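Every chain is numbered from 1 and lettered A, B, ... according to where its sequence line falls, protein lines coming before strand lines. The shown structure was predicted, so the numbers you read here are calculated from the model rather than taken from an experiment.
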Protein chains: 2
Amino acid sequence: MKSKGSITQLHTSLNYKGLRVTPQRVSILNAIHSLGNHPTAEMIKSFVHQKNPAISTATVYKTLETFVQKGILRKIRTLDEEAARYDAILTDHHHLHSSQDHRMVDYENEELDNLLREFFHDHRIPDFKIESIRLEIHGTFENHQ
Amino acid sequence: MKSKGSITQLHTSLNYKGLRVTPQRVSILNAIHSLGNHPTAEMIKSFVHQKNPAISTATVYKTLETFVQKGILRKIRTLDEEAARYDAILTDHHHLHSSQDHRMVDYENEELDNLLREFFHDHRIPDFKIESIRLEIHGTFENHQ
DNA sequence: ATTTAGATGAGAATGGTTCTTATATAACAA
DNA sequence: TTGTTATATAAGAACCATTCTCATCTAAAT
């Protein structure tokens, strides 16, 4: 019942954006939500191929691009990686970047956002209108599992 | 005399990093400083080729990579561009990203950096040690020339 | 059921970057 | 100054992520 519900949700979200509901698109949306942490197009393709190997590379890339255009996904790039990553979280947020491996973890903090808003309210940048601010927080994870 | 001086400086900076002083490296360093605003490898190659068309693509890329390794340059990526850019300013700083064109402008503000330092001092991120923070400030330039 | 705008698949093409390997050279030592 | 050698370079092939082309297909409106 949960899956029925979420499939309906996917339909609704695609319809809402004026996009046709195709098996490929549903499958790709599912992949992104299952994969969670900022998958690359390649990861999404692999995941999707487990159940439906017929979906072509072009479709994966085009679909991702479409989703980005429609505001369903956000495309992000890390410093040291070639491949782009896709983020299903659309509320503005920041990222922790591991300088050890290529991990990337979400970071949200409303207090920080308020602080930044205030700061730039008081320190306007000449001839520039800010739309959004994202922090790249580089460092190392201290994993004691 | 100025140019003599800066060439000596280049030699010194390369030597200091334990790198051989080759015409290619000097030329590439010059290009980056002449080009200023976050050139791509392609831009650097073009600039260098004006005076020395014999320098190969591989050399440009390898040299840039070497400089990044040695801390002479920093490699940065923008959201919507494929190509990496190289930044000769090594002090930590932030960037304004134009959502109109692909312009990217430096932004430095010590007060902001202090604010961030304080904030994260008071709000430690569990299991993460921060090394540096960079802001991607997205927005539009209001150009009245 | 029919229509058609829009989506897909297959593979070629592209752009940015890295690899390979034979040759050249900066810098150190003699 | 010359010889030696570790390192750097040139040329082009290879590679990877991504986009393009275009013929075929299909979701969904009628």
K.L.:
Go through the structure and list residues passing salt bridge (charged side-chain N to carboxylate O under 4.0 Å, His left out) with B:Glu42, not counting sequence neighbours.
P.N.:
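B:Lys45.
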K.L.:
The criterion is side-chain contact (heavy atoms from CB on, under 4.5 Å); which residues satisfy it with B:Thr59, sequence neighbours excluded?
P.N.:
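By the side-chain contact (heavy atoms from CB on, under 4.5 Å) rule, B:Thr59 matches B:Gln24, B:Ile55, B:Ser56, B:Thr63.
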K.L.:
Show every salt bridge (charged side-chain N to carboxylate O under 4.0 Å, His left out) that has at least one partner inside residues 84-101 of chain B, sequence neighbours left out.
P.N.:
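Listed by first then second residue: B:Arg74-B:Asp92, B:Glu81-B:Arg85, B:Asp101-B:Arg103.
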K.L.:
Could you check how far NZ of A:Lys75 sits from C1' of D:dT19, rounded to whole Å?
P.N.:
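Taking NZ of A:Lys75 and C1' of D:dT19, I get 10 Å after rounding.
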K.L.:
Mind checking A:Ala58 for me? I need base, sugar-phosphate or nothing, with any heavy atom below 4.0 Å counting as a touch.
P.N.:
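Touches a base.
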K.L.:
Counting distance only, does the side-chain N/O of B:His121 pair as donor-acceptor with the main-chain N or O of B:Phe119 below 3.5 Å?
P.N.:
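No: the side chain of B:His121 does not pair with the backbone of B:Phe119.
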K.L.:
Going by heavy atoms closer than 4.0 Å, what residues in residues 34-56 of chain A are next to DNA chain C?
P.N.:
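Nucleic-acid contacts, sorted: A:Ala54, A:Ile55, A:Ser56.
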K.L.:
Taking only heavy atoms on the protein side, list every residue of residues 63-71 of chain A lying under 4.0 Å from any atom of DNA chain D, sorted numerically.
P.N.:
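Those residues whose heavy atoms fall under 4.0 Å from DNA chain D, taken from residues 63-71 of chain A, amount to none.
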K.L.:
Any heavy-atom pair between the side chains of B:His138 and B:Ser99 that's under 4.5 Å?
P.N.:
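A side-chain contact is absent here, since even the closest heavy-atom pair is not under 4.5 Å.
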K.L.:
Given atom CD of A:Glu82 and atom P of C:dT18, what is their separation to the nearest angstrom?
P.N.:
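Taking CD of A:Glu82 and P of C:dT18, I get 6 Å after rounding.
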K.L.:
Can you pull the ring pair (Phe, Tyr, Trp, His ring centres under 6.0 Å) pairs that have at least one residue in residues 41-89 of chain B, sequence neighbours excluded?
P.N.:
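Not a single pair qualifies under ring pair (Phe, Tyr, Trp, His ring centres under 6.0 Å).
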K.L.:
Taking the side chain as every heavy atom from C-beta outward, state whether A:Ile28 and A:Arg25 have any pair of such atoms under 4.5 Å apart.
P.N.:
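No, side chains not in contact.
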K.L.:
What's touching nucleotides 21-23 of chain C from the protein side, N or O pairs under 3.5 Å?
P.N.:
none

K.L.:
Can a donor-acceptor pair be found between the side chains of B:His94 and B:Asp106 at a distance below 3.5 Å?
P.N.:
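Note: B:His94 and B:Asp106 side chains miss the donor-acceptor criterion.
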K.L.:
Before accepting this row, confirm whether a basic side-chain N of the pair B:Arg77/A:Glu82 lies closer than 4.0 Å to the acidic partner's carboxylate O.
P.N.:
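Answer for the salt bridge query: yes.
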K.L.:
Would you say A:His95 and A:His97 are linked by a side-chain donor-acceptor pair, where the criterion is simply a distance under 3.5 Å?
P.N.:
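Side-chain D/A pair, A:His97 to A:His95: absent.
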K.L.:
By side-chain hydrogen bond (donor to acceptor under 3.5 Å, both in side chains), which residues pair with B:Gln100, not counting sequence neighbours?
P.N.:
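Applying side-chain hydrogen bond (donor to acceptor under 3.5 Å, both in side chains) to B:Gln100 gives B:Ser98.
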K.L.:
Would you say a side-chain N or O of B:Gln24 is under 4.0 Å from OP1 or OP2 of C:dT25?
P.N.:
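Checking C:dT25 against B:Gln24, no side-chain N or O comes under 4.0 Å of OP1 or OP2.
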K.L.:
Within a strict 4.5 Å, meaning less than it, do heavy atoms of the A:Thr91 and A:Ile89 side chains meet?
P.N.:
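Heavy-atom side-chain distance check passes, below 4.5 Å.
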K.L.:
B:Ile28 CD1 to D:dA8 P: how many Å, rounded?
P.N.:
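For the pair B:Ile28 CD1 and D:dA8 P, the rounded distance is 12 Å.
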K.L.:
Can you tell me if B:Tyr61 touches the phosphate of C:dT17, counting only side-chain N or O atoms and a distance under 4.0 Å to OP1 or OP2?
P.N.:
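The answer is yes; a side-chain N or O of B:Tyr61 sits under 4.0 Å from OP1 or OP2.
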K.L.:
Hey, quick one: are A:Ile125 and B:Leu112 part of the same hydrophobic cluster, counting side-chain heavy atoms closer than 4.5 Å, chains of contacts allowed?
P.N.:
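Looking at the clustering, B:Leu112 is in the same group as A:Ile125.
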K.L.:
Considering residues at least two apart in sequence or located in another chain, which fulfil the salt bridge (charged side-chain N to carboxylate O under 4.0 Å, His left out) criterion with B:Glu131?
P.N.:
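For B:Glu131, no residue satisfies salt bridge (charged side-chain N to carboxylate O under 4.0 Å, His left out) once neighbours in sequence are set aside.
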K.L.:
Treat primed atoms plus P, OP1 and OP2 as sugar-phosphate and everything else as base, then score nucleotides 25-30 of chain D 5' to 3': B for base contact with protein heavy atoms under 4.0 Å, S for sugar-phosphate contact only, - for none.
P.N.:
-BBS--
K.L.:
Does B:Lys129 reach the main-chain N or O of A:Thr140 with its side chain, forming a donor-acceptor pair under 3.5 Å?
P.N.:
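Looks like no, no N/O pair under 3.5 Å.
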K.L.:
Between the axis at one end of the helix from C:dA1-D:dT30 to C:dA30-D:dT1 and the axis at the other (five pairs apiece), what's the angle to 10 degrees?
P.N.:
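Axis-to-axis angle, ends of the helix: 30°.
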K.L.:
Suppose the criterion is salt bridge (charged side-chain N to carboxylate O under 4.0 Å, His left out): which pairs have a residue in residues 107-123 of chain A, not counting sequence neighbours?
P.N.:
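Non-adjacent pairs meeting salt bridge (charged side-chain N to carboxylate O under 4.0 Å, His left out): zero.
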